[in-house]
Amino acid sequence: MNKKLNNIFKGDKVIWMVFFFLFIISIVEVFSASSSLTYKGQSYWGPVIKHFGIFFVGVICTIIVMNIRCQYYKIVTPFLLLISLASLLWVLMPGHAINDGSRWINLGIVQFQPSEIAKGTLILAVAQLLSAMQTEDGADRKAIKYIVGLCSFFILLIGVENLSTAVLLTGVIILMMFIGRVPLSQIGKLLGFFAVTIAIVIGAVLLLASNDREAASNNNANKTEIVEQPKKSKSIFHRAATWKKRLFKFTNKEDIPPEKFDLDENMQEGHANIAIASSKAVGRGPGNSVERDFLPQAYSDFIYAIIIEEMGLFGGIFVALLYIILLFRTGKIANRCENSFPALLSMGLALLLVSQALFNMLVAVGLAPITGQPLPLISRGGTSTIINCVYIGAILSVSLWAKKKDENSNQTSMKVAK
């Protein structure tokens with residue numbers, strides 16, 4: 001029996017254990033946090049059964065991707081780039097709008113977010129470019145031009161509807177360039193350009209955002225439920241009002257007395273703070289959350305607040321440690337790779353998962369402006385859950401199939417050097 005399980009769950013055991021713990025936490029907390037969906041659908045088990053089914057499909061995808069040699073991923077890069085580009089352009093036109101954000105493509109039977117596919121595709125393409133242009137002294141100085149030229153257009157398309165995802169993806173790609181030994185002077189210039197671009201975007205948001213009540217009411221649809229509507233013709237800056245409101249709310253640090261705090265206007269922030277403040281060290285216990293009935297997106301964007309409420313401070317730290325272990329273990333796997341492509345690919349995917357998790361946690365505890373970033377491999381989702389499982393499968397594939405460095409020859413060369 002153990003031999004059969006080992007044949008199925010191959011690859012790095014620590015990564016599998018982290019994945020298993022995240023899966024268990026996800027099932028428990030989504031079941032607890034889905035009270036609004038249970039009431040809406042009049043089905044006690046419906047939301048968690050659906051989530052379990054999606055996660056089960058994700059686990060199958062993990063095993064399939066893990067059993068494909070990571071060297072073969074290069075073959076699909078051009079096709080994934082074309083699919084990502086076509087779907088990102090499509091979603092800007094007849095895309096399926098949810099909560100005033102046109103991030104979805106609805107095919108009737110299934111709907112998905114093209115940005116989820118595009119993120120992994122860009123990581124794959126950047127890893128391939130960096131590995132192909134490695135020299136003895138680091139990456140060729142022309143590498144950054146190809147990377148920026150390829151990524152900028154995709155990131156711009158993602159940023160129109162999902163600015164936070166575009167910013168996180170840009171940060172991960174810059175970190176990959178640092179790991180891939182792109183000259184620091186070039187990275188410094190790119191960071192300067194990125195900072196100026198962010199300043200220009202913020203300025204444009206503040207100047208061009210609509211302040212009318214209609215924009216505010218559209219944004220407030222997030223408070224109570226997910227609202228789906230067909231995509232209407234809108235300007236490229238139709239999300240600016242939402243971004244402006246979130247920036248103002250985050251930067252406004254004025255102390256508000258409890259009796260003057262408007263829970264209707266600041267529902268997400270308010271109930272997340274109540275959930276965390278009422279948890280203490282040990283929490284209320286799994287399934288005993290109170291704020292899940294009041295906190296919008298309790299099963300998705302703000303599930304970390306529910307985790308802290310139910311599992312306490314120690315539970316919140318444990319979840320954060322799982323992502324840290326995932327990053328450091330992937331770093332160890334990458335360090336053992338003889339070739340740069342699998343090392344860069346695995347690190348890029350791990351950085352993508354961990355940076356999104358970190359940002360979600362910062363939002364939940366009030367240290368970052370509210371965005372629509374779910375907690376990877378824990379939040380309830382469809383496209384994101386399955387694709388994140390694919391990312392884990394790719395990391396496991398690197399641990400299983402990537403050519404390892406000859407440790408004996410390395411030790412010998414170190415002794416000679418001494």
Novice: Any ring-ring contact (aromatic ring centres under 6.0 Å, His included) pairs touching residues 325-382, not counting sequence neighbours?
Specialist: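 Residue pairs with at least one partner in residues 325-382: there are none.
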Novice: At their closest point, which heavy atom of Ser346 faces which heavy atom of Thr330, and how far apart are they?
Specialist: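 Shortest heavy-atom contact: O-CG2, 3.3 Å.
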Novice: Working note: Val65 + Tyr73, criterion side chain to side chain contact (heavy atoms under 4.5 Å, CB included); need CA distance, chi angles, decisive distance, verdict.
Specialist: CA-CA 10 Å; Val65 172; Tyr73 295 163; 3.2 Å; yes
Novice: Just wondering, more than 12 heavy atoms not from Phe194 lying within 6.0 Å of its CZ?
Specialist: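 It does: Phe194 CZ has more than 12 such atoms within range.
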Novice: Report the distance from atom CD1 of Ile303 to atom CD1 of Ile308, rounding to the nearest 0.5 Å.
Specialist: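 So the CD1 of Ile303 and the CD1 of Ile308 are separated by 12.0 Å.
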Novice: Kindly say whether Ile378 contributes a backbone atom to a donor-acceptor pair with the side chain of Ser26 at under 3.5 angstrom?
Specialist: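 Checked: pair present.
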Novice: Using only heavy-atom distances, determine whether the side chains of Thr77 and Gln128 contain a donor-acceptor pair under 3.5 Å.
Specialist: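 The answer is yes; a qualifying pair exists.
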Novice: Could you tell me which non-hydrogen atom of Ser355 sits nearest to which non-hydrogen atom of Val172, and how far apart they are?
Specialist: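 In this case the closest contact between Ser355 and Val172 is OG-CG2, 3.6 Å.
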Novice: Quick one: do Leu88 and Val160 satisfy side chain to side chain contact (heavy atoms under 4.5 Å, CB included)? Show the steps, please.
Specialist: CA-CA 10 Å; Leu88 286 171; Val160 170; over 6 Å; no
Novice: When you measure from the side chain of Arg292 to the backbone N and O of Ile306, does any donor-acceptor pair fall under 3.5 Å?
Specialist: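 No, because the side chain of Arg292 does not come within donor-acceptor range (under 3.5 Å) of the backbone of Ile306.
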Novice: Ignoring hydrogens and angles, tell me if any N or O in the side chain of Ser397 forms a donor-acceptor pair with the backbone of Ile68 under 3.5 Å.
Specialist: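 Answer holds: yes.
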Novice: Could you check whether any side-chain heavy atom of Phe178 comes within less than 4.5 Å of a side-chain heavy atom of Val182, counting everything from C-beta outward?
Specialist: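 Of all side-chain heavy-atom pairs linking Val182 with Phe178, none is under 4.5 Å.
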Novice: Please list, chain by chain and in numerical order, all residues satisfying ring-ring contact (aromatic ring centres under 6.0 Å, His included) with Trp16, sequence neighbours excluded.
Specialist: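 By the ring-ring contact (aromatic ring centres under 6.0 Å, His included) rule, Trp16 matches Phe9, Phe19.
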Novice: How many angstroms lie between atom CD of Glu29 and atom CD1 of Ile24, to the nearest 0.5 angstrom?
Specialist: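 Rounded to the nearest 0.5 Å, the CD-CD1 separation comes out at 12.0 Å.
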Novice: Could you pull out the closest heavy-atom pair between Ala343 and Ala334, with the gap in Å?
Specialist: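 Nearest heavy atoms, Ala343 then Ala334: CB-O, 3.5 Å.
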Novice: Please lay out, stage by stage, how Phe302 and His271 fare under the test side chain to side chain contact (heavy atoms under 4.5 Å, CB included).
Specialist: CA-CA 10 Å; Phe302 283 88; His271 286 292; over 6 Å; no
Novice: Is there a donor-acceptor pair closer than 3.5 Å between any side-chain N or O of Asn162 and the backbone N or O of Ile158?
Specialist: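 Such a contact is absent between Asn162 side chain and Ile158 backbone.
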Novice: If I compare all heavy atoms of Ile173 with all of Cys151, which pair ends up nearest, and what's the gap?
Specialist: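 What the structure gives for the nearest pair is CD1-SG, 3.7 Å.
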Novice: So, does Gln373 use its side chain to make a donor-acceptor pair with the main chain of Asp301 at under 3.5 Å?
Specialist: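 Not confirmed, Gln373 side chain does not pair with Asp301 backbone.
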Novice: If we ignore angles and hydrogens, is there a donor and acceptor under 3.5 Å between the side chains of Thr121 and Ser84?
Specialist: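 Yes, because at least one side-chain N or O of Thr121 sits under 3.5 Å from a partner of the opposite role on Ser84.
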Novice: Measure the spacing between CG of Leu129 and NZ of Lys142 and express it to the nearest 0.5 Å.
Specialist: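 Nearest 0.5 Å value for the CG-NZ distance: 14.0 Å.
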Novice: For a 4.5 angstrom cut-off between non-hydrogen side-chain atoms, does Glu310 reach Ser279?
Specialist: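 No. Closest side-chain heavy atoms not under 4.5 Å.
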Novice: Taking the side chain as every heavy atom from C-beta outward, state whether Leu396 and Tyr391 have any pair of such atoms under 4.5 Å apart.
Specialist: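 Of all side-chain heavy-atom pairs linking Tyr391 with Leu396, none is under 4.5 Å.
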Novice: What's the verdict on side chain to side chain contact (heavy atoms under 4.5 Å, CB included) for Ser278 and Arg284, showing C-alpha distance, side-chain angles and the deciding distance?
Specialist: CA-CA 8 Å; Ser278 62; Arg284 297 178 182 272; 3.3 Å; yes
Novice: How close do Thr62 and Val390 get, counting heavy atoms only, and between which atoms?
Specialist: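 Looking at all heavy atoms of both residues, the shortest contact is OG1-N, 4.4 Å.
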Novice: Can you tell me how far CG of Leu351 sits from CD1 of Ile179, rounded to the nearest 0.5 angstrom?
Specialist: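 It is 5.0 Å, given to the nearest 0.5 Å.
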Novice: Is the ring centre of Phe31 less than 6.0 Å from the ring centre of Phe52?
Specialist: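 That pair fails the under 6.0 Å test.
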Novice: Between the side chain of Gln356 and the main-chain N/O of Pro374, is any donor-acceptor distance below 3.5 Å?
Specialist: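 Confirmed, Gln356 side chain pairs with Pro374 backbone.
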Novice: Could you check if a side-chain atom of Ser379 sits within less than 4.5 angstrom of a side-chain atom of Tyr304, using non-hydrogen atoms only?
Specialist: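 Side-chain contact under 4.5 Å: no.
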Novice: Where the side chain of Arg329 meets the backbone of Ile324, is there a donor-acceptor pair that is under 3.5 Å apart?
Specialist: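 Checking the backbone N and O of Ile324 against the side chain of Arg329, no donor-acceptor pair under 3.5 Å is found.
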Novice: Heavy-atom distance under 4.5 Å between the side chains of Leu326 and Ile392, does that happen here?
Specialist: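 Yes. Closest side-chain heavy atoms under 4.5 Å.
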Novice: Hey, could you give me the CG/CG distance between Leu352 and Leu175, rounded to the nearest 0.5 Å?
Specialist: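 Rounded to the nearest 0.5 Å, the CG-CG separation comes out at 11.0 Å.
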Novice: I'd like to know if the side chain of Asn67 and the backbone of Ile63 have a donor-acceptor N/O pair within less than 3.5 Å.
Specialist: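 Looks like yes, one N/O pair under 3.5 Å.
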Novice: Quick check: do Phe154 and Leu85 have side-chain heavy atoms less than 4.5 Å from each other?
Specialist: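 Sidechains of Leu85 and Phe154: in contact.
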Novice: Flag the pair Leu377 / Thr385 as yes when at least one side-chain heavy-atom distance between them is below 4.5 Å, and no otherwise.
Specialist: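 The answer is no; the side chains never approach within 4.5 Å.
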Novice: Look only at the side chain of Ser34 and the backbone of Val30, and say whether a donor-acceptor pair between them is shorter than 3.5 Å.
Specialist: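 Side chain of Ser34 to backbone of Val30: a pair is present.
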Novice: To check you understand the geometry: which heavy-atom pair defines the closest contact between Ser87 and Pro114, and what is its length?
Specialist: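 Shortest heavy-atom separation between Ser87 and Pro114 comes out as OG-CB, 3.3 Å.
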Novice: Between atom CD1 of Ile307 and atom CD1 of Ile276, what is the distance when rounded to the nearest 0.5 Å?
Specialist: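 Answer rounded to 0.5 Å: 11.0 Å.
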Novice: Lys404 versus Cys337: any side-chain heavy-atom pair under 4.5 Å?
Specialist: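 No. Closest side-chain heavy atoms not under 4.5 Å.
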Novice: Do Lys403 and Glu338 sit within salt-bridge range, that is, some charged N less than 4.0 Å from a carboxylate O?
Specialist: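 Yes, charged N to carboxylate O under 4.0 Å.
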Novice: Kindly write out the residues that satisfy side chain to side chain contact (heavy atoms under 4.5 Å, CB included) with Ser152, not counting sequence neighbours, or none if the list is empty.
Specialist: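 Side chain to side chain contact (heavy atoms under 4.5 Å, CB included) list for Ser152, sorted by chain: empty.
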Novice: State, without any angle test, whether Gln113 and Lys119 hold a side-chain donor-acceptor pair at a distance under 3.5 Å.
Specialist: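 Absent: no donor and acceptor within the cut-off.
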Novice: Under 6.0 Å from the CZ atom of Phe23, do we count more than 12 heavy atoms belonging to anything else shown?
Specialist: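 Atom CZ in Phe23 is packed in, count exceeds 12.
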Novice: Do the side chain of Glu309 and the main chain of Val290 share a donor and acceptor less than 3.5 angstrom apart?
Specialist: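 Side chain of Glu309 to backbone of Val290, a donor-acceptor pair under 3.5 Å: yes, one is there.
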